[in-house]
Amino acid sequence: MAQREGCLVFAVNGERFELPSVDPSTTLLEFLRTQTRFKSVKLGCGEGGCGACVVLLSKYDPVVDEVKDFNVSSCLTLLCSINGCSITTSEGLGNSKDGFHPIQQRFAGFHASQCGFCTPGMCVSLFAALVKAEKTNRLEPPPGFSKLTVSEVEKSIAGNLCRCTGYRSIADACKSFAADVDMEDLGFNSFWRKGDSKEVKIDSLPLYNHDAENCTFPEFLRNEIRSSMFLDSKRYGWYSPVSVEELQNLLKANDFSNENEMKLVVGNTGMGYYKELKCSDRYIDLRYVPELSMIKVDLTGVEIGAILTISEVIEMLRKKDKGEFPSRGEIVLNKIANHMEKIGSGFLRNTASIGGNLVMAQRKCFPSDIATILLAVDSEVGIMNGSRSEMIKLEDFLTRPPLDPKSVLLSVKIPHQEAVRQVSPETNTTLLFETYRATPRPLGNALPYLHAAFLAEVSSCKISNGIMVEHCCLAFGAYGTKHAIRARKVEEFLTGKTLTAGVLYEAIKLVRATVVPEEGTMSPAYRSSLATGFLFEFFSPLIDSESEISNGFLESHFSADSSMLKKNQRCKIPTVVTSAKQVLGLSTEYYPVGEPITKSGALLQASVYVDDIPSPTNCLYGAFIYSTKPLARVKGIKFKPKPHPDGVSALISFKDIPNSGENVGSKTMFGTEPLFADDLTQCAGQPIAFVVADTQKHADLAANFVVVDYEMEGIEPPILSVEEAVKKSSYFEVPPFIYPKQVGDISNGMAAADHKILSAEIKLGSQYYFYMETQTALAVPDEDNCMVVYSSIQCPEFAHSVISKCLGIPENNVRVITRRVGGGFGGKAIKAMPVATACALAAQKLHQPVRMYLNRQVDMIMAGGRHPMKIIYSVGFKSNGKITALQLDILINAGTSPDISPILPRNIVCALKKYDWGALSFDIKLCKTNTPSRSAMRAPGEVQGSFIAEAVIEHVASTLSMEVDSVRSVNLHTQYSLDLFYEHSAGEPLEYTIPLIWDKLAKSSSFNPRTEMIKEFNRCNKWKKRGISRVPIVHEVSLRPTPGKVSILSDGSVAVEVGGIELGQGLWTKVKQMAAFALGSIQCDGSGDLLDKIRVVQSDTLSLIQGGFTAGSTTSESSCEAVRLCCNILVERLATLKERLQEKMGSTNWETLIQQASLQAVNLSASSYFVPDFASMEYLNYGAAVSEVEVNLLTGETTILRSDMIYDCGQSLNPAVDLGQIEGAFVQGIGFFMLEEYLSNSEGLVVSKGTWTYKIPSMDNIPKQFNVEILNSGHHRKRVLSSKASGEPPLLLAVSVHCATRAAIKESRKQLLQWGGLDGSASIFQLDVPATMPVVKELCGLEAVERYLEWVAGYGRKADGKCHYLCTQKDHAS
């Protein structure tokens, strides 16, 4: 097809698209999701922070006849910028029609997909790495493998987030492509069995042929490409200047008084951080100006064009053929490249320009790593203002007033240090250069608390036999200041001085006075402490080290055991998970139940979620307008006069609810919550109104232009904390029938104690769900005042009832349909109801379909999340550590409505009772506050209860100076105490497997030998400490009534409906297995292959009623039992017919049996309602974990070296699914205990509202060794085929990481006490949740470096005069 001149032309998965016009602000993601059938590309965050939207972008260069492939964030990539390019999505890799790619097959076979929402982006990220590697000149890999290394494949997906799996299975699927993979390191999968040889394993993998041509760029598009393919700027508002002169003319001709009218772009990645409230209507694309993309290398340095992407700069700096670069300069450039590799993620670096990053730093105070590291090497920048160009120092550039819109950054120049300092080899000096960043994710994809870069030229001092600083550049950034700075006073102080402990001490004092965060910066003291720690890390190896200078490098006897010096000589690239082991007990007793079959739908890269359903004709889109005040009167809602939002159809509020309806947005058995605030808002984040527009983008933008007029006069101050709630007696009632019972006599227990701890306090924060798919719904009006609602929800039945009440229509006029949910974790239960209800209300009023997909920020503001709480405890205990009594006062922040909060006291106490406390007494209050109502989140209450128990145990052990593991062991339950504490849920004696698990885990994890090795490690290392901890869990769950329906169709295929919803937990998979097992009992020919004939269909509230909640970990087994009951009915109906057919025909197959049954009017559909027996409705789950961590005392960073778990799954219904649940829950628990801060401002409005500020675990946060054993105990005959739950209990085991961190901190505090830097006890302290880097560092000593240097100066000289342990750490491996 001939292309029209100036038209936007591109390809998606080999299909040609030509667009005569388009809004220039349209993103590639927006186009793919609304204008094509390629829906595997998901919207997860809209910030380039999660990887759900990743696609492969391929560009063809006709000059060199080459295609360049790289992955990009489609949510930030502007559609006009892909003119002449080809896009590959997951559907383009493979699909059910054309066959699946080996990547997709291996992801499924390694059980690396649960909810599946993130999987397409993961697959494309890996595919991009494979495509790039195959174009290199590396050695040919073995058959079936790629040219990638293990390290490269893991890093290729390090920026992709997953909330379900725990990443281990994803890492294994990716590593299976690496040429250097050890097949023994690959975990459990469906390709081979334990004991298979390496050759069998390789042959079993879906074949990857690295020689096969990856046609990422179609031939037809290649033929259309000309040397210049530019859009018609008048039609598209997209300008592509091809010279500096043309750019100057464009800038002169445009009025920039309105900043939004024209925007200069390269990759548009800045939009991910600085959200645009109004889209620009004209763009200047800088990518075709040759002067901005040049690379110039000469003796003075390397000059880089400003539009080069960060990835291109990294590649250029690492080129090995830089003959022009002196060796010392090459080291500097390599280290700059290494640091840049930790900025953002690969799919951001591929489009983000180095110039754009620096301009954001200068103009908007973006905390740029690049600015800091370039500042340390005295870089310059070229700037064009009008027709005038100039080169200025980067330091001067950053301190100038913000760059005006008509000025352009042209280039960046990194000078060669030899040229700057005029150094020759005869000067006998050496150049040291190092960069630092303190961030919660080692591989990057997170803004640091502080980054720094230090360059120093040092020489041997002949007089003092030490090391002299000839010159240094010290740069710091991101610590809560407008821009990166040079620490000039520190540089001046150090220059010309011989390094000693005293000199370094004075320099560090100067750093503290220099690096001072601005008021309002979070963790200011921590950031200052990082600056001192990094400087100490850089210079301390040079003190009293008898170092000599040779050939420009340091020679030192410290090089053998000082990690600090070694770090100045090699790259420091952190690694991710290195190995894992899974032990699973398989059973064929109920085949195919118990088989580790691949999760149902794991291969479907285009699984349909609610937002993937094509929009009906005339569909409208909604967005919530929420309150920013916690308690205020709403006087009015209106749009800002300018600019008026586009496409707005209506503004819906409580006034639009029909007279026959109610203002209700959600309900539980404990009460309701309004859909909209009426005259008075109850919390910040409460929906006030619902704006409806012609597109989701217009609705979201319109919501930003709404002005709410609040009135505060005459209103009581809001209640924003549990302490304020207590003062005002603001509580929710807990029904007596669910309030837990006290155990024993607390007075006698306290009287029997040898020791007591009184009124100790714990505070626990909240946690956000971070399901990858945000809240979403689609409401479609139907005939006769009916409403069909598609909702991503865990409890469609409740949404059905709420919609009926709100709209004032009978329940049989409402149908709620849910096929699958892209992650739930409790957040898609109650909190999904108002989303579905608002869409239904708007659809009813406007007589048009209305849908909504909450953007991530609004979702986080409204979600509520896990319950914060305050705990005060008193405990009595014997001298041997046996606890005799525990008294608790717990205040739970429930928020503004009850939601499910009344179940929290019971859940907390059930998990807390995992130890024998002797006597247990508690007073638990649900505080009603003016904050968003908290809701169920995976293991609600149980995770807090389990932590409280461990905190008490740790406190007792510290008080008695006992090993904490001994205190845990002595307080484990006996069968007698278990029966006392858990009564009817304790089960039979054989079911109590904690003693078995406890001892088995000690042996399999080598707990005792490793404990001794850790002691030796800590003795030999000053600045890194390790800790290890073993913890048990006891977790009570309850079965709930669940419906099921099984229908056998005329061809023998089977359709199954259940009340449970597929959230990624494998419910459909287990149900299919159960149906195949139960129907297979008919025992006719072919009935053994029923699994492939069974399909579980979507939930429909009119087709299957009383579905209840999918929550509490037991819905899978309840649904399985409901299906088994249905199948038993069907088998009974078919049995007589089968006997008759066998008598007549000798044998019969499944299809014949079903055909005959249809002809003979046998009812082939059966429904059931499984109601659990009261005596066996509740049961206990058991497990234990050992975790080992390493804490960096200079930064507070905690690295999880290893975690071992044993979890009792009974007789697992599907070990592969349960393994995924165990690992995923554990890693989500790591997030709660170690990383995730869900913060609010002083008015209760959430401020952690996106991927930039809220950090869930990523690939580089999980244990480096991750070992899981599923104990197939099989003692549980009252359970569903002897199975037990796996969804929530393992989350509690992540407390082992927190406890291990506490153990490491304890060792650091003993050392700090020795240095005189600690007031009080080294062992008694409270480690907050989450134990983030600032929290850990504070407990290790914010001034530890200063205290150490003082100690060295006062006491640390040995007899021979050498500095005692001034080297930092000896890198001993445990």
Worksheet item: So, the side chain of Lys1022 versus the backbone of Asn1018: is there a donor-acceptor pair under 3.5 Å, distance only?
Response: no
Item to complete: Check step by step if side chain to side chain contact (heavy atoms under 4.5 Å, CB included) holds for Tyr449 and Thr1195.
Response: CA-CA 10 Å; Tyr449 293 100; Thr1195 64; over 6 Å; no
Fill in: pair Pro902-Phe732: side-chain heavy atoms closer than 4.5 Å
no
Worksheet, complete the sentence: Partner of Gln887 under side chain to side chain donor-acceptor pair (under 3.5 Å), picked from Ser759, Ser747, Ser921, Ser874, is Ser921
Item to complete: State, with a plain yes or no, whether a side-chain heavy atom of Ile762 is found less than 4.5 Å away from one of Tyr873.
Response: yes
Item to complete: Please work out whether the ring planes of Tyr992 and Tyr1182 are parallel, tilted or perpendicular, with thresholds of 30° and 60°.
Response: perpendicular
Worksheet item: With a 4.0 Å cut-off, would you call Arg1010 and Asp1204 a salt bridge?
Response: yes
Worksheet, complete the sentence: Here the gap from Met869 atom CE to Ile924 atom CD1, rounded to the nearest 0.5 Å, amounts to 8.5 Å
Discussion item. Are the side chains of Phe1226 and Met1205 in contact, using a 4.5 Å heavy-atom criterion?
Written reply: yes
Worksheet item: Say you draw a straight line from CG of Leu1180 to NZ of Lys913; how long is it, rounded to the nearest 0.5 Å?
Response: 9.0 Å
Discussion item. Any carboxylate oxygen within less than 4.0 angstrom of a Lys/Arg side-chain nitrogen, looking at Glu950 and Arg968?
Written reply: yes
Worksheet item: Do Glu1190 and Lys1024 sit within salt-bridge range, that is, some charged N less than 4.0 Å from a carboxylate O?
Response: yes
Worksheet item: Does CD belonging to Glu724 count more than 12 external heavy atoms closer than 6.0 Å?
Response: yes
Worksheet item: If you measure from CG on Asp899 to CG on Leu926, what distance do you get to the nearest 0.5 Å?
Response: 11.0 Å
Fill in: Backbone of Ala919 reached by a side-chain donor or acceptor of Asp745 within 3.5 Å
no
Worksheet entry | Test item: Arg938 side-chain N/O and Phe825 main-chain N/O as donor-acceptor pair under 3.5 Å | no
Worksheet item: Nearest heavy-atom pair of Ser958 and Ser1323: which atoms, and what distance?
Response: OG-O, 3.0 Å
Worksheet entry | Side-chain heavy atoms of Gln1311 within contact of Lys1025, under 4.5 Å | yes
Discussion item. With a 4.0 Å cut-off on N to O distance, would you call Glu1237 and Lys1255 a salt bridge?
Written reply: no
Discussion item. Can a donor-acceptor pair be found, under 3.5 Å and without considering hydrogens, that links the side chain of Ser933 to the backbone of Gly895?
Written reply: no
Worksheet item: In terms of ring plane angle, is the pair His1298 and Phe1233 parallel, tilted or perpendicular, where the classes change at 30° and 60°?
Response: tilted
Worksheet item: Counting distance only, does the side-chain N/O of Gln742 pair as donor-acceptor with the main-chain N or O of Phe922 below 3.5 Å?
Response: yes
Worksheet item: Can Arg1026 and Glu1307 be counted as an ion pair, charged N to O under 4.0 angstrom?
Response: no
Worksheet entry | Flag, side chain of Tyr1254 to backbone of Tyr768, donor-acceptor distance under 3.5 Å | yes
Item to complete: Please round to the nearest 0.5 Å and tell me the distance separating atom CG of Asn880 and atom CG of Asn971.
Response: 8.5 Å
Worksheet item: For the residue pair Arg934 and Ser901, what are the closest heavy atoms and their distance?
Response: O-OG, 3.8 Å
Worksheet item: Hey, are the side chains of Ser529 and Lys1337 touching, using non-hydrogen atoms and a 4.5 Å cut-off?
Response: yes
Item to complete: Please name the pair of heavy atoms, one in Cys1340 and one in Leu1312, separated by the smallest distance, quoted to 0.1 Å.
Response: O-CD2, 3.5 Å
Discussion item. Less than 4.0 angstrom from a charged side-chain N to a carboxylate O is my criterion; do Glu954 and Arg1302 meet it?
Written reply: yes
Practice prompt. Could you tell me whether Arg906 and Glu1178 make a salt bridge, using a distance below 4.0 angstrom between a side-chain N and a carboxylate O?
Written response: yes
Worksheet entry | Identified side chain to side chain contact (heavy atoms under 4.5 Å, CB included) counterpart of Asn1181 within the set Thr993, Val1037, Ile1033 | Val1037
Worksheet entry | Chi angles and distances behind the side chain to side chain contact (heavy atoms under 4.5 Å, CB included) call for Trp917, Thr884 | CA-CA 6 Å; Trp917 303 111; Thr884 58; over 6 Å; no
Worksheet item: Taking atom CD of Glu733 as the centre, does the number of heavy atoms from other residues, nucleotides or ligands within less than 6.0 Å exceed 12?
Response: no
Worksheet item: Would you say Ile1200 and Asn1261 make side-chain contact, with heavy atoms under 4.5 Å?
Response: no
Practice prompt. With rounding to the nearest 0.5 Å, note down the distance linking CG in Asn1267 to OG in Ser1203.
Written response: 8.5 Å
Discussion item. Consider side chain to side chain contact (heavy atoms under 4.5 Å, CB included). Of Leu960, Ile1324, Val964, which one does His955 pass it with?
Written reply: Ile1324
Worksheet item: Does the pair Lys1015/Glu1012 count as a salt bridge with the N-to-O cut at 4.0 Å?
Response: yes
Discussion item. With rounding to the nearest 0.5 angstrom, report the CG to CG distance, Leu1339 to Asp1328.
Written reply: 7.5 Å
Practice prompt. With sequence neighbours left out, write down each residue that passes side-chain contact (heavy atoms from CB on, under 4.5 Å) with Met522, or none if nothing qualifies.
Written response: Arg527, Leu1239
Worksheet item: Between His973 and Tyr982, what is the ring plane arrangement, given parallel below 30°, perpendicular above 60°, and tilted in between?
Response: perpendicular
